[in-house]
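See below for the structure under consideration.
This is a predicted model, so every value here is computed, not measured.
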Amino acid sequence: NLEADLPRETARLIESARSWGESELEPLIAKHWEEGTFPPGILASFQRSCPHLLGYTIPKKYGGAGYDLLTACHISRALASIDASFTTALLVQYGLCCESILLCGKEEQKR
């Protein structure tokens, strides 16, 4: 069990992601996989329902959640176990966009 020895706060975050995914994402997935579409508004739903998980890889001083990499990986794994395409869309925003700015951007861009 990958989650057996995690801190209580990390386990709570993982459960929060999993719970949202099961109630909001999972009911939509089959239809959108069949149609080859992405559920409109699903990222906004995640934002409304799980604001504590937004920007989970981004430092707090730049408006993110500031979780460590292991916590971020567990959150991503919990979401990807429900739908990998949603998690990919989320991580493209965090990884390709935000992380690139964090690594290469000027301070004003980071804020």
Self-check item: Carboxylate-amine/guanidinium proximity below 4.0 Å for Glu15 and Arg12
Solution: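 No.
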Quiz item: Hey, what do you get for CD (Gln47) to CD1 (Ile42), rounding to the nearest 0.5 Å?
Solution: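 With rounding to 0.5 Å, CD (Gln47) is 12.5 Å from CD1 (Ile42).
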Exercise. Hey, could you give me the NZ/SG distance between Lys110 and Cys104, rounded to the nearest 0.5 Å?
Key: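 That separation rounds to 9.0 Å.
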Quiz prompt | Shortest non-hydrogen contact between His32 and Pro40, atoms and distance | solution =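 Smallest heavy-atom distance, with atoms named: CE1-CD, 3.9 Å.
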Quiz item: Judged by atom type as modelled, is there a donor-acceptor pair below 3.5 Å linking the side chain of Ser49 to the main-chain atoms of Ser45?
Solution: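 Indeed, once roles are kept as given, a pair shorter than 3.5 Å links the two residues.
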Practice problem: Not counting sequence neighbours, which residues clear side chain to side chain contact (heavy atoms under 4.5 Å, CB included) with Gln93? List them please. | Solution: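 Expected list: Cys97.
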Taking only distance into account, with no hydrogens and no angle test, what donor-acceptor pairs under 3.5 Å do side-chain atoms of residues 84-92 form with protein atoms, sequence neighbours excluded?
unit_1 : atom_1 : unit_2 : atom_2 : d
Ser85  : OG     : Asp83  : OD1    : 3.2
Ser85  : OG     : Asp83  : OD2    : 2.5
Thr87  : OG1    : Ala80  : N      : 3.0
Thr87  : OG1    : Asp83  : O      : 3.2
Thr88  : OG1    : Ala84  : O      : 2.8

Exercise. Please answer: with hydrophobic residues joined when any side-chain heavy atoms are less than 4.5 Å apart, are Ile75 and Leu70 in the same cluster?
Key: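 Cluster IDs for Ile75 and Leu70 differ.
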Practice problem: Kindly work out whether a path of hydrophobic side-chain contacts (I/L/V/M/F/W/Y, heavy atoms less than 4.5 Å apart) joins Leu13 to Leu6. | Solution: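 No; tracing contacts between hydrophobic side chains, which count when under 4.5 Å, never links both residues.
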Quiz item: Side-chain donor-acceptor pair under 3.5 Å between His74 and Thr10, yes or no?
Solution: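 No donor-acceptor contact under 3.5 Å links the two side chains.
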N/O donor-acceptor pairs under 3.5 Å from side chains in residues 53-64, not counting sequence neighbours:
unit_1 : atom_1 : unit_2 : atom_2 : d
Tyr56  : OH     : Ser76  : OG     : 2.7
Thr57  : OG1    : Glu99  : OE2    : 3.2
Tyr62  : OH     : Glu107 : OE1    : 3.1
Tyr62  : OH     : Glu107 : OE2    : 2.9

Quiz item: salt bridge (Lys or Arg N to Asp or Glu O under 4.0 Å) with Glu34: which residues, sequence neighbours excluded?
Solution: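 Checked Glu34 against salt bridge (Lys or Arg N to Asp or Glu O under 4.0 Å); zero matches.
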Listed pairs under 3.5 Å, donor-acceptor, residues 21-28 side chains, sequence neighbours left out:
unit_1 : atom_1 : unit_2 : atom_2 : d
Ser23  : OG     : Ser19  : O      : 3.2
Ser23  : OG     : Trp20  : O      : 3.4

Exercise. Sorted by first residue and then second, give each salt bridge (charged side-chain N to carboxylate O under 4.0 Å, His left out) pair with at least one member in residues 69-78; sequence neighbours left out.
Key: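 Output for this query lists Glu3-Arg77.
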